[in-house]
Amino acid sequence: MLFFDSWLRLVTTHELAHVFHLDRTKGIWRPLQYVFGRAPGLFPNEYQPSWAIEGLATYYESRFTNAGRVRGSFHTQLLEADQAAGGGASRSPWDATLFTRWADGLVPYAYGSRFLHYLAETAGDSVVPRLVEATSAQLIPFRVGRQVSRVVPGRSLAGEWRRGTEPVPDTGAGPASPPARVIDSLLRTEPVPRVSPDGRRMAYVREDGKGASELRVLDAATFRTLATHQVNGGVDYDWVGDTLVVAQLDFTSRWRVRSDLYRWVPATGAWRRATHGARLVAPAGGGGRLAAITLGPASGRPTVPTPDDSNDAVWTDLALSPDGRWVAGIRCSDARWSLILWPAQSPAAAVALLETRGSLADVVWTSDGELWFVADPTGLPQVYRWTDSAAVQPLTAERFGARAPAPLADGGLLYAGLTARGWELRRTGAAASSRSGPVTFAAPLPFDSAPASAVPLRETGYAMWPSLRPHFWLPLWQNEGPTGRFGGVLTAGTDVVGRYAYAGDLLFSPEPSRLEADFLLVASVFGNPVFDLSASSSWADLGPLAMPNVTLSELDQTAALGASFVTRRWRGVTSLRVAAEVERTDFAAIPDTSLATVCAGCGRQDLYGGSATLTLSRLVTGALSVSPEDGFAWSGTYRRREERGTTRWSNELRSRLARA
């Protein structure tokens with residue numbers, strides 16, 4: 001339940017906060033950048049703990065919008081579960097930076113943003129920018145605690161951390177739900193159960209972070225596994241008859257990832273792709289029909305007729321009634337989250353069942369015509385139901401929240417719950433699920449989708465050079481003894497959209513007077529193939545010789561022009577690189593001496609040829625795995641070169657195989 005009022009505004013605010021925060025430089029770092037330029041490693045805020053970097057961007061996404069994860073329920077849910085495992089205590093600031101177990105990928109965002117939000121509320125909004133200014137000037141930038149004490153005199157990071165990140169004392173969730181049966185646990189992502197139309201089977205995605213995600217089909221009565229299939233990322237699914245329609249991400253080109261629909265019949269194992277590059281998500285089945293949401297620029301539009309609304313509206317969930325005659329959907333428009341119901345053939349007759357400024361999600365139908373959905377009016381997500389007679393009633397009161405409801409044929413409820421060790425898939429009975437009592441939802445806030453800017457704005461075309469030109473240089477030193485002691489600089493650059501990237505260095509030896517240089521240019525402007533151009537010139541000392549007082553040096557000069565053709569899939573890569581290559585080897589003696597008397601066979605050699613490299617890999621990389629697994633990586637290179645001025649030539653064949 002990512003909470004936003006305008007999705008594009010929230011994402012832009014979050015990423016711009018990173019840009020301004022990580023770019024800020026003061027103190028000793030400013031003269032270093034004045035001398036060496038914008039060199040990697042000279043941005044002090046990049047050294048800060050992850051909770052400070054991600055927490056600050058998450059704080060500002062909530063500070064400058066009417067939504068954001070500080071106001072949303074997921075971080076509350078996450079922190080309460082995490083702190084319960086620690087005996088009710090928060091993690092320390094240093095324990096909130098690790099990525100060794102679930103939910104450490106999310107913990108820095110949650111702890112950091114809540115702490116900064118608390119600090120701003122108790123010490124004033126200016127404390128956060130003053131903290132950024134202070135850390136951007138200190139010599140040891142990861143020591144955030146010292147700067148907290150300086151910008152807020154009388155307070156310390158250790159003293160304020162727990163108060164700023166402790167659980168909310170009362171979420172208003174009411175009496176706790178009776179214990180539920182745990183079907184699966186220790187999951188890294190939310191298991192979203194979907195029950196088949198006949199009520200006999202249920203499906204969910206199982207991802208434990210150690211291997212590939214898989215879509216499982218279970219018997220709805222015994223929860224025995226009936227079928228499994230590997231899936232990618234961004235997975236959503238629903239039943240249409242005996243078929244599971246699955247939306248998942250995959251590469252449609254080397255650079256482009258799109259969400260498409262696949263059809264899987266678990267009874268036969270048949271799996272086929274139904275669309276290509278369609279950007280379809282959230283499939284919903286009902287009455288033998290299928291609907292989905294088409295993603296656009298900061299928008300989501302259903303594939304079925306919908307009520308007339310603003311083009312800025314984002315639809316996040318759809319549900320078709322079991323007979324296919326009704327459609328329910330969740331829409332966010334102008335910071336107003338709405339649960340909408342309309343006849344499938346008459347969208348103009350739509351009715352808004354509920355409107356709130358809090359987020360809504362996971363709407364589903366029951367067999368008897370009730371609508372179940374997830375909302376967070378109490379501060380934690382819980383499952384609610386809407387009926388014509390009783391309006392909105394709570395169905396769960398889980399301590400750490402409940403998500404993704406799925407009604408069973410016997411009236412029971414499947415849902416996803418959260419613990420400090422990961423997600424769980426749970427089942428509870430019909431009687432245990434039922435709750436009563438009024439539910440109050442917060443009214444939507446005023447929202448301006450295009451507020452007036454305080455500064456003049458103008459639109460310009462894309463210019464490559466401002467970002468591509470060199471912005472830094474790094475000193476280099478290479479000692480080749482009598483052959484030369486080289487000193488020089490290295491620089492690199494890339495344009496902002498990633499079409500071109502380059503790196504180069506130049507080194508000079510004053511005595512003897514010699515140059516070394518390297519250059520590499522990669523051009524992705526054509527998409528596929530990607531071209532690379534490289535050139536190198538380097539000197540090497542060949543060491544002591546039989547003839548005293550003579551220094552023998554080797555000059556190696558190479559150049560190559562290559563083209564790489566790449567096909568990518570979620571777990572596999574196939575690439576072919578073909579290149580034309582030139583290599584020149586020459587020798588020099590100091591003082592000037594006949595090479596034949598110094599080194600037999602040390603004559604100039606010019607090689608011309610080409611190479612082809614084929615790479616195949618198929619690997620699974622789990623989020624918690626220490627290395628890729630369940631696959632292989634193989635590469636083979638063939639190179640042919642001919643020596644100019646002679647009839648000599650060489651063939652080279654190399655092969656390398658790694659199994660995981």
Side-chain angles (χ1 to χ4, degrees), residues 33 36-43 46 253-255 462-480 483-509 514-540 553-568 573-586 605-615 617 633 635-641 644 652 654 656:
Q33 281 198 2
F36 297 106
R38 298 173 58 81
L42 296 184
F43 294 87
E46 289 186 342
S253 71
R254 179 173 183 175
W255 311 104
Y462 172 66
M464 176 178 61
W465 182 244
S467 59
L468 187 63
R469 67 178 178 82
H471 287 85
F472 69 90
W473 66 274
L474 295 176
L476 296 179
W477 172 257
Q478 180 180 338
N479 186 0
E480 290 294 336
T483 292
R485 292 172 174 82
F486 296 85
V489 296
L490 175 146
T491 190
T494 182
D495 69 308
V496 70
V497 296
R499 293 178 179 175
Y500 298 94
Y502 68 91
D505 60 57
L506 180 65
L507 296 92
F508 173 68
S509 169
R514 288 171 174 170
L515 286 174
E516 288 191 341
D518 299 279
F519 180 76
L520 172 65
L521 172 67
V522 178
S524 306
V525 65
F526 300 106
N528 208 8
V530 171
F531 291 94
D532 61 270
L533 173 66
S534 62
S536 173
S537 178
S538 62
W539 288 91
S553 305
E554 179 180 331
L555 173 63
D556 290 315
Q557 296 177 317
T558 62
L561 175 62
S564 299
F565 301 82
V566 179
T567 299
R568 298 189 66 181
V573 177
T574 301
S575 69
L576 173 64
R577 180 181 182 268
V578 293
E581 302 173 344
V582 177
E583 180 178 354
R584 176 189 175 189
T585 304
D586 207 350
Q605 184 182 57
D606 295 332
L607 300 176
Y608 296 85
S611 66
T613 301
L614 177 64
T615 301
S617 67
S635 66
T637 300
Y638 171 71
R639 175 176 284 107
R640 179 182 175 88
R641 299 190 297 181
R644 185 179 181 182
E652 178 185 356
R654 292 185 180 183
R656 185 173 184 178

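All of these numbers come straight from a predicted model, not from anything done at the bench. When reading the values below, keep in mind they use all heavy atoms of this one structure, side chains included, and skip hydrogens, waters and symmetry mates.
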Which value, rounded to the nearest 0.5 Å, describes the distance between Ser564 atom OG and Leu576 atom CG?
8.0 Å
Sequence neighbours excluded and cut-off under 3.5 Å, please list the side-chain donor-acceptor pairs for residues 467-474, or say none.
residue, atom, partner, partner atom, Å
Ser467, OG, Met464, O, 3.2
Ser467, OG, Val496, N, 3.0
His471, ND1, Arg469, O, 2.7
His471, NE2, Pro466, O, 3.2
Trp473, NE1, Val35, O, 2.8

Partners meeting side-chain contact (heavy atoms from CB on, under 4.5 Å) with Gln478 (sequence neighbours left out)
Glu480, Phe486, Leu507, Glu516
Per-pair distances, 0.1 Å, donor-acceptor, side chain in residues 518-530, under 3.5 Å, sequence neighbours excluded:
residue, atom, partner, partner atom, Å
Asp518, OD1, Ser536, OG, 2.7
Asn528, OD1, Val566, N, 3.1
Asn528, ND2, Val566, O, 2.8

Can you list the residues that meet the salt bridge (Lys or Arg N to Asp or Glu O under 4.0 Å) rule with Arg584, with sequence neighbours excluded?
Asp586
Could I get the full list of salt bridge (Lys or Arg N to Asp or Glu O under 4.0 Å) partners for Arg499, not counting sequence neighbours?
none
Taking only residues two or more places apart in sequence or in another chain, which ones pass side-chain hydrogen bond (donor to acceptor under 3.5 Å, both in side chains) with Asp505?
none
How would you list, by chain and number, every residue that makes a side-chain contact (heavy atoms from CB on, under 4.5 Å) with Leu506, sequence neighbours excluded?
Leu515, Ala517
Can you tell me how far apart CG (Asp495) and OH (Tyr502) are? Round to the nearest 0.5 Å.
10.0 Å
Would you please name every residue forming a side-chain contact (heavy atoms from CB on, under 4.5 Å) with Ser635, sequence neighbours left out?
Thr615, Arg656
Any salt bridge (charged side-chain N to carboxylate O under 4.0 Å, His left out) involving residues 524-533? Give me the pairs, sequence neighbours left out, ordered by first then second residue.
Asp532-Arg577
Gap separating the CH2 atom of Trp465 from the OH atom of Tyr500, nearest 0.5 angstrom
12.5 Å
Which atom pair, heavy atoms only, marks the closest approach of Glu554 to Thr585?
OE2-CG2, 3.7 Å
Please name all residues satisfying side-chain contact (heavy atoms from CB on, under 4.5 Å) with Glu46, sequence neighbours left out, ordered by chain then number.
Leu22, Phe43
Would you please name every residue forming a salt bridge (Lys or Arg N to Asp or Glu O under 4.0 Å) with Arg641, sequence neighbours left out?
Glu583
Quick one: side-chain hydrogen bond (donor to acceptor under 3.5 Å, both in side chains) pairs with a partner in residues 483-493, sequence neighbours left out?
Thr483-Asp541, Thr483-Ser553
Quick check: do Phe36 and Pro475 have side-chain heavy atoms less than 4.5 Å from each other?
yes
Would you call Glu652 and Arg640 a salt bridge, using N to O less than 4.0 angstrom?
no
Going by distance alone, is a donor N or O of one side chain under 3.5 Å from an acceptor N or O of the other, for Thr558 and Glu581?
no
Rounded to the nearest 0.5 Å, what separates atom OG in Ser537 from atom CD in Gln557?
4.0 Å
